[in-house]
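To start, the structure itself, in structure tokens.
Every heavy atom of this structure was used, including side-chain atoms; hydrogens, water molecules and symmetry mates were not. Throughout, protein chains are lettered first and strands after them, A, B, ... in sequence-line order, and every chain is numbered starting at 1.
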There are 2 protein chains.
Amino acid sequence: MNLIKQEDAGLDSRLNAVVLKIKKLGYSLTPQRFEIIKIISESKSHPSAIEVYNKLKKSYPMVSLNTVYKNLSMLSSLHEVREIKTLQNSVHYDGDTSPHGHAICEKCGKITDVKISEFDFKGFFETRIKKQLTESFHVRNYGVEFYGLCGHCFDLTGASAQD
Amino acid sequence: MNLIKQEDAGLDSRLNAVVLKIKKLGYSLTPQRFEIIKIISESKSHPSAIEVYNKLKKSYPMVSLNTVYKNLSMLSSLHEVREIKTLQNSVHYDGDTSPHGHAICEKCGKITDVKISEFDFKGFFETRIKKQLTESFHVRNYGVEFYGLCGHCFDLTGASAQD
DNA sequence: TTTTCTGCAAAGCTTTTGCAACACT
DNA sequence: AGTGTTGCAAAAGCTTTGCAGAAAA
């Protein structure tokens, strides 16, 4: 119960933060845009543009896919949404912009979040990698991706498919 | 001098390893295929399919883009080439399949390798992340991506573009 | 000789662009 | 009122598919 409340609070504050940023920058907050932000914030499944579109159509049947694309790329350029490139040829979106990892199944394409505490990653980053980068590259965000087989696909094919 | 020799040896052995694997698995080694493998092994710029195609045309002017796609996706499924999804909507290919990171410029799309010694990442991975994953997910490879601005783009726009 | 691979053409998908009408502030 | 946004349609870009002829084992 406590957990659920905390999660909801987290979502609401994320939603609010994005809404505020948009207003602050002078963009308008259309109902479609708001709903898109909401869908992305609430979703845990890293949806693609089409998936967002399909959800959005439930509230706005006349909405166009174009609108979804425009809003997602706007949110992405504001760094309020993270793009994930999967093995399928489409971009998936992640409303959680804090540093964390993804486990991506090479068979079914499923994306699972991997928690990497800021503490852990910063430690690794600061001690090992930063010195290589700072002179020439200015990091805004980072991601760790694991490629392999999810439990389900492993059970089906993993046992026999040894390199 | 020493370094150059070592690098060449590295490339040759990579090339050989891939060729051997292909033969071992019963696939044929056509000249086009060999050249594609060579281009990818030698390239340090993470080329896209079209870029590989353009290089390949110098040796095989009649080659089709289709052939490039088929071979790259074959190499990818054999895990002898790594796909990198960039911000541009195209897949880039990396002939270095060992664990290492990429710094991707959000402005110009340039991809730079980030050395992460196997030792460093394994340590981080084993102590912090593995326990989250092993039960449900079977890792085959991992990558660390840094998003931000390369030195050049930062000099142009970075100073003024503060969130 | 059999299987795999190539090259050409066409189709498929995702994403982008152009533009008039509309909505937000 | 003015600018930003939407929705429709069309175009563009990357990747895949189908198939006959050619090449590899």
Just the rounded figure in Å: distance from P of D/dA25 to CG of B/Leu20. 13 Å
Between B/Arg14 and B/Glu80, does at least one N-O distance fall below 4.0 Å, as a salt bridge requires? yes
For the side chain of A/Thr30, starting at C-beta, report the closest nucleotide among C/dC8, C/dC19, D/dT5. D/dT5
I want to confirm an ordering. Mapping B/Gly26 and B/Ala49 to their closest nucleotides on DNA chain D, which one lands closer to the 5' end? B/Ala49
Listed nucleotide nearest any side-chain atom of A/Gln32, set D/dG7, C/dC5, C/dT14: D/dG7
Pairing donors with acceptors under 3.5 angstrom, does anything connect the side chains of A/Ser45 and A/Ser43? yes
5'-most contact on DNA chain D (nearest-nucleotide basis), B/Ser73 vs A/Tyr27, goes to A/Tyr27
Nearest-angstrom distance from the residue atom NZ of B/Lys23 to P of D/dA24: 12 Å
Among D/dT15, C/dC8, C/dT15, find the nucleotide with the atom closest to the side chain of A/Leu65. C/dT15
Rounded to the nearest angstrom, tell me the gap between atom CE in B/Met74 and atom P in D/dT16. 15 Å
So which nucleotide from C/dT6, C/dT16, D/dC8 ends up closest to the side chain of B/Thr67? C/dT6
Expressed in angstrom and rounded to an integer, what is the separation of A/Lys24 atom NZ from D/dG4 atom P? 18 Å
Of the nucleotides D/dG4, D/dG7, C/dC5, which one has an atom closest to the side chain of A/Lys70? D/dG7
Quick check: does any side chain N or O of B/Glu51 sit under 3.5 Å from a backbone N or O of B/Ser48, one acting as donor and the other as acceptor? yes
Hey, are the side chains of A/Thr112 and A/Lys110 touching, using non-hydrogen atoms and a 4.5 Å cut-off? yes
Are B/Phe34 and B/Leu15 packed together at the side-chain level, in the sense that at least one heavy-atom pair is separated by less than 4.5 angstrom? yes
Euclidean distance, atom OH of residue B/Tyr69 to atom P of C/dA9 [Å, nearest integer]: 18 Å
Of the nucleotides D/dG7, C/dT6, C/dG7, which one has an atom closest to the side chain of B/Arg33? C/dT6
How would you label the contact of B/Ser28 with the nucleic acid (heavy atoms, under 4.0 Å): base, sugar-phosphate, or nothing? sugar-phosphate
Between P of D/dA22 and CE of B/Met62, the distance in whole Å: 13 Å
Counting any heavy atom closer than 4.0 Å, what does B/Pro61 reach on the DNA or RNA strands: base, sugar-phosphate only, or nothing? nothing
With distance as the sole criterion, do the side chain of A/Asn66 and the base of C/dT17 form a donor-acceptor contact below 3.5 Å? yes
Between C/dC5 (P) and B/Leu25 (CG): distance, integer Å: 11 Å
Return the value, rounded to whole Å, for the distance between atom CG of A/Asn71 and atom P of D/dG7. 10 Å
